Engineer: 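I'd like to ask some things about the structure below.
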Amino acid sequence: MQDSWGDAADQDSYQTELQASAAELRRLRSRLATSATLKQIAERAGASASAVSSVLSAKTHPSQDLYMALVRVLLAYDTGAQASLNHPELPRWRERWSGVQELKEQRKIDSRSPRRDPNYVQPATAHGLAEQVVLTAMRRGERIQMFPMADGLEGVWDVAFSPDGRLLATAHGLRTVQLWDTVAQRRAGKALVGGHIGRVITVRFSPDGRLLASGSEDGRIMLWDVSTRRALCQPLAVSSGEAWTIAFSPDNRLLLGAGRTVRVWDITDSKQPEVVGKIGAGLSAGLAVSPAGFLATGHTDGAAQVWNLKTLEKDEAPLRGHAAEVTAVAFSPDGRLLATASRAVQTWDMSTRAMFGEPLTDTYGLIQKVSFSPDGRLLTAVVRPDPRHPPAADDEDAADETFDDAYATHVWETSSWTAACEPLTGHTDTIWGAAFSSDSRLYATGSGDGQLRLWILPTSRA
């Protein structure tokens with residue numbers, strides 16, 4: 001197969017596997033529930049006879065809940081009940097469902113991706129003139145805006161670079177996670193599917209790059225092996241609500257997932273994570289972890305709280321610097337500074353827990369996310385319109401703002417706390433995900449407009 005974008009082979013693979021899966025279910029029925037009617041099977045599975053018929057005839061691939069209920073009914077039909085959740089054959093059937101689901105989701109993605117003509121020949125350039133222009137601009141430290149890496153993705157709700165920067169993970173509305181080849185700017189294999197029922201809204205790589213965690217609106221967190229692209233364990237559940245933000249400890253030992261509170265797992269054995277604690281309440285911002293093993297959380301009362309990950313206890317008093325809820329937090333790479341945000345960005349000296357410098361207020365709207373570059377030279381803030389505080393009618397700067405400018409990323413140099421470049425604009429909906437590459441020059445953004453964008457950021461002028 002020359003190209004995975006829109007290739008008909010993926011369409012055929014899905015139909016083939018759907019037919020094979022249905023045939024296996026029919027064989028299971030003929031072996032263990034020969035005398036059972038569709039209506040009887042459907043009643044025990046809690047479904048309609050037409051839904052069961054569609055599954056057995058390969059007309060549709062059902063939800064995991066219906067598929068597994070049907071399997072459990074057939075495995076223990078003669079007992080009058082469903083098979084136990086610990087039945088030894090269930091893992092194989094779950095894997096069978098996941099395999100078909102992966103092909104189904106890939107077909108959805110491919111149907112929205114541009115098709116490439118196999119006979120297309122790349123036109124010759126003037127001895128790499130374009131490449132020379134880009135390289136020269138990069139050497140001068142200029143910002144470069146690139147064409148969207150992908151669009152039509154039904155929303156990109158989070159992005160994350162692998163530690164080496166070669167892979168970029170995105171969370172999609174199709175209950176899937178996609179890995180991308182950063183250099184080639186194309187998908188790196190098929191989507192990761194299975195385990196999530198709701199929309200996937202957060203992704204993170206472990207510091208050693210071996211694991212990838214994803215969280216979804218249904219409150220589930222999946223842990224993936226990056227090398228095999230396989231789930232390592234059954235879905236993990238946050239305490240309540242959506243699994244809307246996740247993080248790893250610097251030593252790769254802990255996984256943190258936030259719903260209404262933060263649940264903490266020991267993942268030393270990644271195939272059998274163990275819950276070791278629960279912290280925080282009234283969360284309103286993503287999680288930030290420092291190299292020294294501190295966790296920062298933002299809260300609805302306008303405060304940020306620092307926690308010691310070794311003890312899972314609060315580390316000193318809350319940091320109060322905002323009148324409204326804290327919407328974003330981020331540690332500097334050396335852990336000396338903490339940035340907190342609401343409608344402005346405030347930095348804190350972690351050695352004294354005092355405010356560091358004046359707030360950065362040259363943004364309009366609510367700050368969605370803040371990030372330090374890995375080299376510590378840049379700080380970014382992703383902004384979206386705040387309906388509770390629209391720009392004043394006499395605010396000339398805000399009045400000149402275009403619709404696209406309302407969804408922007410502001411970039412500051414940390415040596416002077418002045419703008420490093422003009423705000424990054426181009427998205428037409430809220431920017432939900434943003435991340436730096438390990439070399440601090442690439443910056444990825446994902447938006448509700450379905451676009452995934454890569455930016456080459458300027459180098460510091462200091």
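Worth saying up front: this structure is predicted, and the values here are computed from it rather than measured.
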Engineer: Would you find a donor on one side and an acceptor on the other, under 3.5 Å apart, between the side chain of Thr245 and the backbone of Gly286?
Structural biologist: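 Not a single qualifying donor-acceptor pair exists.
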
Engineer: Would you say that Lys314 contacts Gln305 through its side chain, given a criterion of any heavy-atom pair below 4.5 Å between the two side chains?
Structural biologist: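 Side chain of Lys314 against side chain of Gln305, heavy atoms only: contact under 4.5 Å found.
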
Engineer: Do Leu452 and Leu168 come within less than 4.5 Å of each other through their side chains, counting heavy atoms only?
Structural biologist: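 Touching, per the 4.5 Å side-chain cut-off.
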
Engineer: Please work out which of the three classes, parallel, tilted or perpendicular, describes the rings of His172 and Trp180, given edges at 30° and 60°.
Structural biologist: perpendicular

Engineer: Sequence neighbours excluded, which residues qualify as salt bridge (charged side-chain N to carboxylate O under 4.0 Å, His left out) partners of Arg336?
Structural biologist: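 Salt bridge (charged side-chain N to carboxylate O under 4.0 Å, His left out) check on Arg336 returns Asp334.
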
Engineer: Indicate whether any N or O donor in one side chain lies under 3.5 Å from an N or O acceptor in the other, for His322 and Ser342.
Structural biologist: no

Engineer: Starting from the C-alpha separation in whole Å, work towards a yes-or-no answer on side-chain contact (heavy atoms from CB on, under 4.5 Å) for Arg253 and Asp266.
Structural biologist: CA-CA 6 Å; Arg253 187 177 67 86; Asp266 185 321; 3.1 Å; yes

Engineer: Once the angle between the rings of Tyr67 and Trp93 is folded into 0 to 90°, is it parallel (under 30°), tilted (30 to 60°) or perpendicular (over 60°)?
Structural biologist: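 Ring orientation, 0 to 90° scale: tilted.
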
Engineer: Could you list the residues that satisfy side chain to side chain contact (heavy atoms under 4.5 Å, CB included) with Ala323, not counting sequence neighbours?
Structural biologist: none

Engineer: With a 4.5 Å cut-off on side-chain heavy atoms, are His410 and Thr380 touching?
Structural biologist: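 Thr380 vs His410: side chains apart.
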
Engineer: Could you pull out all residues at least two apart from Arg260 that satisfy salt bridge (charged side-chain N to carboxylate O under 4.0 Å, His left out)?
Structural biologist: none

Engineer: Taking the side chain as every heavy atom from C-beta outward, state whether Arg263 and Val275 have any pair of such atoms under 4.5 Å apart.
Structural biologist: yes

Engineer: Near Glu24 CD, under 6.0 Å, is it more than 12 heavy atoms from other residues, nucleotides or ligands?
Structural biologist: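 Yes - once you tally the heavy atoms of other residues, nucleotides and ligands closer than 6.0 Å, there are more than 12.
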
Engineer: Would you say Tyr14 and Val100 make side-chain contact, with heavy atoms under 4.5 Å?
Structural biologist: yes

Engineer: Classify the side-chain pair Ser447/Tyr407 by whether it contains a donor and acceptor separated by less than 3.5 Å.
Structural biologist: no

Engineer: Is any side-chain heavy atom of Trp432 closer than 4.5 Å to a side-chain heavy atom of Ile201?
Structural biologist: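 No, their side chains stay 4.5 Å or more apart.
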
Engineer: With a 3.5 Å distance limit and no angle check, can you tell me whether Trp244 reaches the backbone of Gly259 through a side-chain donor-acceptor pair?
Structural biologist: yes

Engineer: Any ion pair linking Asp315 and Arg353 (charged N to carboxylate O, less than 4.0 Å)?
Structural biologist: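 So Arg353 pairs with Asp315 through a salt bridge.
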
Engineer: Side-chain contact, heavy-atom cut-off 4.5 Å: Met355 with Trp348?
Structural biologist: yes

Engineer: Are Ser214 and Leu192 close enough that some pair of their side-chain heavy atoms sits under 4.5 Å apart?
Structural biologist: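 Heavy-atom side-chain distance check fails, nothing below 4.5 Å.
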
Engineer: Looking only at side chains, do Thr445 and His427 share a donor and an acceptor under 3.5 Å apart?
Structural biologist: yes

Engineer: Nearest 0.5 Å, what's the OG1-CG distance between Thr182 and Leu179?
Structural biologist: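 The CG atom of Leu179 is 9.5 Å from OG1 of Thr182, to the nearest 0.5 Å.
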
Engineer: May I ask you to check whether over 12 heavy atoms, not counting those of Glu89, lie within 6.0 Å of atom CD?
Structural biologist: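 Result for CD/Glu89: enclosed.
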
